[in-house]
Amino acid sequence: MPKEYRTIQEVSGPLMIVRDVEGVTYNELGEIELANGETRRCRVLEVDGTNAVVQLFESSTGINLEESKVRFSGRQMELGVSEDMLGRVFDGLGRPIDGGPEIIPDKRLDVNGAPMNPAARAFPAEFIQTGISAIDGLNTLVRGQKLPIFSASGLPHMNLAAQIARQAKVLGKDENFAVVFAALGITFEESNYFVESFRESGALDRTVMFSNLANDPAVERIATPKMALTAAEYLAFEKDMHVLVILTDITNYADALREVSAARKEVPGRRGYPGYLYTDLATMYERAGRQLGKTGSITMIPILTMPEDDKTHPIPDLTGYITEGQIILSRDLYRKGLQPPVDVLPSLSRLKDKGIGEGKTRKDHKNTMNQLFAAYSRGKDAKELMTILGEAALTDIDLLYAKFADEFEKKYVSQGYDNDRSIEETLDIGWELLRLLPRSELKRISDKLLDEYYDA
């Protein structure tokens with residue numbers, strides 16, 4: 001029987017100090033029993049001699065220092081995992097909230113998994129099709145990659161996240177593919193949108209969803225991505241599935257870290273975030289990847305809203321250092337009505353070259369990708385020049401490039417949130433656009449490919 005303590009000294013926000021404890025360890029779970037018999041869950045955050053700093057998972061309202069009791073369980077936070085999790089919706093602490101039965105676990109795993117050992121990593125090399133041209137064609141997602149989406153307040157990253165979760169697939173025969181979707185600090189309407197969107201399209205059957213709402217405690221928000229990644233590791237490395245993990249919104253997660261850090265009176269770093277924000281994010285992101293000798297893989301798309309649209313803000317800044325590229329959503333393109341408003345020029349997938357080409361996508365992919373980037377960039381420059389000097393100042397070829405840029409945004413980037421394009425469709429649209437330019441301008445594509453595709 002666990003020992004009970006009636007030695008609560010102080011409660012401050014989500015934290016509580018318990019005196020005169022014995023044998024209590026960091027990260028150990030506990031529960032507080034209130035005078036009326038109600039219990040609330042907590043976890044040990046720090047042990048200093050015989051004093052323990054405890055983090056509450058629920059509200060601290062109603063905790064009477066004299067009459068409340070604390071019991072420690074002797075184990076860390078765990079998640080009961082099973083293949084039955086697919087098709088289910090859980091709260092941020094792994095409890096079912098979809099009205100279905102409790103999961104009967106195959107095993108219980110500690111949610112504080114370790115980042116993957118670099119020596120045990122296999123290099124990401126296989127293409128994942130999201131059905132979105134701006135990603136598949138120009139910033140290709142590769143199995144085992146971490147590719148964040150940088151959005152901003154008011155931009156439709158929720159729609160894009162749901163679209164990727166619905167449409168993503170690995171090309172090949174009999175590949176087991178699953179999505180683990182973790183929503184952090186979102187509203188009830190947003191959570192409902194995701195569940196209904198997955199249910200309607202049938203994607204819910206291969207999805208494990210963790211939903212942490214904005215009115216849930218900050219401490220639960222910190223646990224939610226760990227729960228999601230623990231489920232993903234089980235499906236990938238024990239059940240040989242290819243798992244896509246989508247985490248939205250990392251900004252809410254970092255804000256919860258800041259809130260708990262402030263309650264602990266830690267010395268703040270940049271913008272008030274704790275100095276260990278980089279370490280914390282890296283520990284989370286680096287749980288994704290491919291392992292040598294294992295069939296399964298974890299590919300991660302963290303989504304974050306940049307405060308004040310600022311790429312140099314600590315959250316996008318540190319995320320960019322840890323991950324392999326970023327997809328950036330643009331407010332200007334959103335105002336033009338593009339869906340999704342992906343700004344392809346500053347976006348980058350550092351591993352795109354590894355997942356494209358013959359046998360993976362198509363032999364013309366790399367050349368057309370480089371040519372489309374170059375032509376779109378020149379077209380945008382021509383449009384800026386047109387704004388300053390007027391259309392009359394542009395040469396005929398500049399006018400062609402300006403037209404190309406408009407058509408590229410309209411036909412290639414903007415495709416709506418229900419249009420699932422195969423990689424062949426994406427590449428064919430690219431060729432259709434390149435035919436707007438004279439063949440002599442396509443210097444990044446070999447004559448052999450031009451003969452086959454441009455003149456087709």
Side-chain angles (χ1 to χ4, degrees), residues 1-80 90-97 99 101-103 105 108-112 184-185 188 210-227 230 252-253 255-268 272 274 276 280:
M1 183 73 185
K3 188 175 175 184
E4 289 187 345
Y5 295 95
R6 290 176 176 266
T7 51
I8 301 172
Q9 182 181 334
E10 180 188 339
V11 177
S12 168
L15 302 183
M16 185 172 79
I17 296 174
V18 185
R19 287 183 294 107
D20 305 328
V21 298
E22 289 174 12
V24 173
T25 58
Y26 171 69
N27 254 344
E28 189 175 328
L29 287 181
E31 63 177 25
I32 303 143
E33 188 180 319
L34 275 57
N36 62 4
E38 182 192 341
T39 58
R40 293 184 191 166
R41 299 204 290 171
C42 61
R43 140 183 110 131
V44 178
L45 205 57
E46 196 176 304
V47 181
D48 179 13
T50 58
N51 293 346
V53 178
V54 175
Q55 201 174 33
L56 297 160
F57 285 118
E58 285 108 344
S59 158
S60 58
T61 312
I63 295 178
N64 182 311
L65 301 189
E66 301 286 322
E67 297 170 20
S68 299
K69 296 180 280 194
V70 184
R71 289 185 291 272
F72 295 103
S73 66
R75 57 188 180 81
Q76 300 204 347
M77 192 184 292
E78 293 172 332
L79 177 67
F90 302 90
D91 70 3
L93 293 175
R95 297 170 294 203
I97 53 170
E102 289 285 330
I103 295 289
R108 303 192 70 83
L109 298 176
D110 182 354
V111 300
N112 301 296
L184 317 171
F188 177 77
F210 293 86
S211 181
N212 166 265
L213 300 179
N215 60 345
D216 289 333
V219 179
E220 185 179 309
R221 201 156 304 139
I222 295 170
T224 306
K226 294 176 182 172
M227 293 279 170
T230 304
N252 294 336
Y253 171 81
D255 287 345
L257 270 185
R258 178 166 65 176
E259 187 181 323
V260 172
S261 172
R264 289 176 71 182
K265 299 183 171 59
E266 293 174 337
V267 178
Y276 50 79
D280 196 282

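- With values rounded to the nearest 0.5 angstrom, T224 atom OG1 is found 7.5 Å from D91 atom CG.
- Across D216 and S211, no two heavy atoms sit closer than the pair OD2-O, 4.4 Å.
- Between V54 and F72, some side-chain heavy-atom pair lies under the 4.5 Å cut-off.
- Nearest heavy-atom pair across R95 and E58 is NH1-OE2, 4.1 Å.
- Residues E102 and P96 have side chains in contact (heavy-atom distance under 4.5 Å, counting atoms from C-beta outward).
- P217 places none of its side-chain heavy atoms less than 4.5 Å from the side chain of F57.
- Between the CE atom of M77 and the OG1 atom of T230 there is a distance of 10.0 Å, given to the nearest 0.5 Å.
- Using a 4.5 Å cut-off on side-chain heavy atoms (C-beta onward), I63 and L56 make contact.
- Separation of atoms CZ (R264) and OG (S12) is listed at 12.0 Å; rounding is to 0.5 Å.
- For the side chain to side chain contact (heavy atoms under 4.5 Å, CB included) with I32, the qualifying choice from M16, R41, K69, E38 is M16, the only one to do so.
- With contacts defined as side-chain heavy-atom distances shorter than 4.5 Å, the pair Y253/P225 qualifies.
- Between the side chain of N212 and the main chain of G185, a donor-acceptor pair closer than 3.5 Å is present.
- Looking at I222 and V260, their side chains come closer than 4.5 Å, going by heavy atoms from C-beta outward.
- R43 and N27 share a side-chain donor-acceptor pair at under 3.5 Å.
- Taking CD from E33 and OG from S68, the interatomic distance works out to 9.0 Å, rounded to the nearest 0.5 Å.
- Side-chain contact annotation: R19 with N51, donor-acceptor N/O pair under 3.5 Å absent.
- Using a 4.5 Å heavy-atom cutoff, the side chains of F210 and L93 are not in contact.
- One distance of note links CE of M227 with CD of E220; it measures 8.5 Å at 0.5 Å rounding.
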* To do: Decide salt bridge (charged side-chain N to carboxylate O under 4.0 Å, His left out) for E31 and R40; before the verdict, give the C-alpha distance in whole Å, the side-chain angles of both, and the deciding distance to 0.1 Å.
  => CA-CA 5 Å; E31 63 177 25; R40 293 184 191 166; over 6 Å; no
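- Closest of all the heavy-atom pairs between A52 and V21 is CB-CG2, 4.0 Å.
- Within 6.0 Å of atom OH in Y276, more than 12 heavy atoms from other residues, nucleotides or ligands are found, so the atom counts as buried in its surroundings.
- Side chain of R221 to main chain of L213: a donor-acceptor pair is present (N/O by atom type, distance under 3.5 Å, no hydrogens or angles).
- A donor-acceptor contact closer than 3.5 angstrom is absent between the side chains of Q76 and Y26.
- Residues L65 and Q9 fail the side-chain proximity criterion, which asks for heavy atoms closer than 4.5 Å.
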* **side chain to side chain contact (heavy atoms under 4.5 Å, CB included) between I8 and V70, worked out** => CA-CA 8 Å; I8 301 172; V70 184; 3.7 Å; yes
* Is there a side chain to side chain contact (heavy atoms under 4.5 Å, CB included) between L45 and L15 once you walk through the steps? -> CA-CA 9 Å; L45 205 57; L15 302 183; 3.8 Å; yes
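- The shortest heavy-atom contact between R258 and P274 is CA-CD, 3.9 Å.
- Summarising the geometry of T25 relative to V47, their closest heavy-atom pair is C-CG2, 4.2 Å, with the distance given to 0.1 Å.
- Side-chain contact, S261 with E266: a donor N or O sits under 3.5 Å from an acceptor N or O.
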* Residue pair E28, R75: steps toward the salt bridge (charged side-chain N to carboxylate O under 4.0 Å, His left out) verdict -> CA-CA 5 Å; E28 189 175 328; R75 57 188 180 81; over 6 Å; no
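- How far NZ of K226 is from CG of D110: 9.5 Å, rounded to the nearest 0.5 Å.
- When all heavy atoms are compared, the tightest approach of D20 to Y5 is O-CE2, 3.3 Å.
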